[in-house]
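First the structure, then my questions, so here it is.
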Amino acid sequence: MSAPILCKLADLRAATAGWKRAGESIGVVPTMGALHYGHLSLVAAAKAACDRVVVTIFVNPKQFNSPEDLAKYPRTEGADAAKLAPYGVDAIYVPDPDQIYPEGFATTVSVSGLTDVMEGACRPGHFDGVATVVAKLFLQTGADRAYFGEKDYQQMMLVTRMAQDLDIPITVIGCPTVREPSGLAMSSRNMRLSAEGLERAGRLYPVMQQVAERLAAGASFGDLAPAAREALGAAGFADIEYFDLRAAGSLRALDRPTEPARLLVAAWLDGVRLIDNIAVLRLND
């Protein structure tokens, strides 16, 4: 049975109020639609831990740097609802734009520090858009837990910090990245790649794995990075915006994994911007 699709905040709050009165826990999976198995793995995790689950679908204009990129973003709400049907979610919240940004809306949520590097540096204003819409979705749904994929690792760190700083009573749960057989991280953007582009994009993950293995064995990231960038260029990645080793908690730049660390990358292929990250074993672990 398909979940109700709610477009008005009043309808969403009417539903969640009844659940809260019954003492039921609520999980939320915020998405921009174009759902794939990565999203559905988050839904499954929410269903396993929460009494009620809300999936939100909202293509947020405030987190796009390019109007062209916003226009190209796939809108597949009918197909998304069909994909969600087997999971038994309790509501699909597809808010009308004025339910998120009503006339006269004048507030922006900004998180400093974690957002000053990588995605934040490459996409000015992007994380302000993310923090603002996610704060609204947390408050509108009144959820107890929120589920995010580790593929967008910096985003996951951002929303966790934002909820803590604003005393929003929600726990952010990070879930493992779901990958194609090639190792390519699943993403709504992948559908914009050609068949050849998909094959070449699959070379990103092995390069990252090789670097991570050598870092765990004691190599310096400064020594490894040039060859890794060259390998990605040979695979067809035209522009590598960043290829960084960062502390897992603070996102401070590292040269060796002397503390829990992540290897993170953003690169363009076939006119599509792809991001990925993997954990790196700490030295001596």
Atom of L245, atom of A261 and distance for their closest heavy-atom approach:
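Distance-wise, the nearest heavy atoms are CD1-CB, 3.9 Å.
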
How many angstroms lie between SG in C175 and CD in E150, if you round to the nearest 0.5 Å?
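C175 SG to E150 CD: 7.5 Å, rounded to 0.5 Å.
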
Within one Ile-Leu-Val-Met-Phe-Trp-Tyr cluster: L114 and Y153, side-chain cutoff 4.5 Å
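Yes, because L114 and Y153 connect within a single hydrophobic cluster, where side-chain heavy atoms sit under 4.5 Å apart.
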
Is a donor on one side and an acceptor on the other found under 3.5 Å between the side chain of S182 and the backbone of G202?
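Here the side-chain-to-backbone pair does not exist.
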
Can you give me the closest heavy-atom contact between L263 and A212, atom names plus distance?
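Taking L263 first and A212 second, the nearest heavy atoms are CD2-N, 4.3 Å.
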
Answer with yes or no whether the side chains of D128 and T108 bring together a donor and an acceptor at under 3.5 Å.
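The answer is no; no qualifying pair exists.
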
If Ile, Leu, Val, Met, Phe, Trp and Tyr residues are connected whenever their side-chain heavy atoms lie under 4.5 Å apart, and connections chain through other members, are M191 and L35 in the same group?
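Per the 4.5 Å side-chain linkage, M191 and L35 are not co-clustered.
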
Under the side chain to side chain contact (heavy atoms under 4.5 Å, CB included) rule, what do F148 and V172 come out as? Steps first, then yes or no, please.
CA-CA 7 Å; F148 287 82; V172 176; 3.8 Å; yes

Do the side chains of V43 and I5 join up, straight or via other hydrophobic residues, at under 4.5 Å, putting them in one cluster?
yes

Before giving the answer on side-chain hydrogen bond (donor to acceptor under 3.5 Å, both in side chains), spell out for D144 and S25 the whole-Å C-alpha distance, their side-chain angles and the decisive distance to 0.1 Å.
CA-CA 6 Å; D144 302 288; S25 61; 5.1 Å; no

Backbone N or O of R13 within a donor-acceptor pair of the T16 side chain at under 3.5 Å?
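Yes, because the side chain of T16 sits within donor-acceptor range (under 3.5 Å) of the backbone of R13.
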
Kindly give the heavy-atom pair with the smallest separation between G142 and K20, and that separation in Å.
O-NZ, 2.8 Å

With clusters defined by side-chain heavy atoms of hydrophobic residues (ILVMFWY) lying less than 4.5 Å apart, directly or transitively, does I278 cluster with L184?
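Linked within one cluster.
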
Any salt bridge between R273 and E119, counting N to O under 4.0 Å?
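Here R273 pairs with E119 in a salt bridge, since their nearest N and O are under 4.0 Å apart.
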
Has E259 got a side-chain atom pairing as donor or acceptor with R282's backbone, closer than 3.5 angstrom?
no

Quick one: pull up CG in L224 and CZ in R256 and give me the separation to the nearest 0.5 Å.
9.0 Å

Can you tell me how far apart NZ (K136) and OG1 (T141) are? Round to the nearest 0.5 Å.
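Answer for the NZ-OG1 pair, K136 versus T141, is 12.5 Å.
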
Can you see which heavy atom on P61 is nearest to which on L70, and at what distance?
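For P61 versus L70, the nearest heavy atoms are CB-CD2, 4.0 Å.
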
Measuring only between side-chain heavy atoms, which start at C-beta, is L6 closer than 4.5 Å to I92?
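Contact flag for L6/I92 side chains = no.
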
Does one hydrophobic cluster hold both V178 and I173, with members joined at side-chain heavy-atom distances below 4.5 Å?
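As far as the 4.5 Å side-chain criterion goes, I173 and V178 are connected within one cluster.
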
Can you tell me if K47 uses its side chain to pair, donor with acceptor, with the backbone of G88 under 3.5 Å?
yes

Begin with the C-alpha distance, continue with both residues' side-chain angles, and end with the deciding distance and a verdict on side chain to side chain contact (heavy atoms under 4.5 Å, CB included) for V59 and F64.
CA-CA 9 Å; V59 181; F64 285 83; 3.9 Å; yes

For the backbone of G113 and the side chain of D116, can you confirm whether one donor and one acceptor N or O come within less than 3.5 Å of each other?
yes

Compute both the distance and the angle, then confirm whether R200 meets the cation-pi test with F237: under 6.0 Å from the six-membered ring centre, within 45 degrees of the axis.
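Pair R200/F237 does not count as cation-pi.
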
S188 side chain near H39 side chain, heavy-atom distance below 4.5 Å
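Of all side-chain heavy-atom pairs linking H39 with S188, at least one is under 4.5 Å.
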
Under 3.5 Å donor-acceptor, H126 side chain and Q63 backbone:
yes

Backbone N or O of A143 within a donor-acceptor pair of the R145 side chain at under 3.5 Å?
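No, the answer is negative, given that no donor and acceptor are paired below the 3.5 Å cut-off.
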
Over 60° means perpendicular and under 30° means parallel, so classify the ring planes of F221 and F243, tilted if in between.
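Parallel.
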
Output yes when a side-chain donor or acceptor of D80 lies under 3.5 Å from a complementary backbone atom of G33, and no otherwise.
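No, because the side chain of D80 does not come within donor-acceptor range (under 3.5 Å) of the backbone of G33.
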
With distance as the sole criterion, is a donor-acceptor pair present between the side chains of Q99 and D96 under 3.5 Å?
no

Which atom pair, heavy atoms only, marks the closest approach of K8 to D98?
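Of all heavy-atom pairs spanning K8 and D98, the closest is NZ-OD1, 4.4 Å.
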
Does any part of the side chain of L274, heavy atoms only, come nearer than 4.5 Å to the side chain of W268, both counted from C-beta?
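No. Closest side-chain heavy atoms not under 4.5 Å.
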
Check whether any side-chain heavy atom of E241 sits under 4.5 Å from a side-chain heavy atom of M118, and report yes or no.
no

Taking all non-hydrogen atoms of both residues into account, name the closest pair between A146 and F138 and its distance.
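So the two residues come closest at CB-CE1, 3.5 Å.
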
Would you indicate whether E24, at its atom CD, is surrounded by more than 12 heavy atoms from other residues, nucleotides or ligands within a distance under 6.0 Å?
yes

With under 30° as parallel and over 60° as perpendicular, where do the rings of Y101 and F105 fit, or are they tilted in between?
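Rings of Y101 and F105: perpendicular, over 60°.
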
Would you call D51 and I26 a side-chain contact if the rule is heavy atoms closer than 4.5 Å?
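Counting from C-beta outward, D51 and I26 never come under 4.5 Å.
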
Thinking salt bridges, do D69 and R189 make one under a 4.0 Å N-O criterion?
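A salt bridge is present here (some side-chain N lies under 4.0 Å from a carboxylate O).
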
Mind running side chain to side chain contact (heavy atoms under 4.5 Å, CB included) on T107 and T132 for me, showing each step along the way?
CA-CA 8 Å; T107 299; T132 302; 5.9 Å; no

Please determine if D244 and R252 form a salt bridge, counting it only when a charged side-chain N lies under 4.0 Å from a carboxylate O.
no

Just so I know, are the side chains of I100 and N60 near enough to count as touching, which here means a heavy-atom distance under 4.5 Å?
no

Within a strict 4.5 Å, meaning less than it, do heavy atoms of the V54 and W19 side chains meet?
yes

Heavy-atom donor-acceptor pair, T76 side chain to A79 backbone, under 3.5 Å:
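No, T76 side chain to A79 backbone: no donor-acceptor pair under 3.5 Å.
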
Between CD of Q155 and CD1 of I275, what distance do you get to the nearest 0.5 Å?
7.5 Å

Begin with the C-alpha distance, continue with both residues' side-chain angles, and end with the deciding distance and a verdict on side chain to side chain contact (heavy atoms under 4.5 Å, CB included) for I168 and L139.
CA-CA 8 Å; I168 299 175; L139 294 168; 4.3 Å; yes

Do other residues, nucleotides or ligands put more than 12 heavy atoms under 6.0 Å from the CD atom of Q164?
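Enclosed: over 12 neighbouring heavy atoms sit under 6.0 Å from CD of Q164.
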
Side chain to side chain, E77 and I57, heavy atoms closer than 4.5 Å:
yes

Tell me if a side-chain donor or acceptor on D239 pairs with a main-chain N or O of A267 at a distance below 3.5 Å.
no

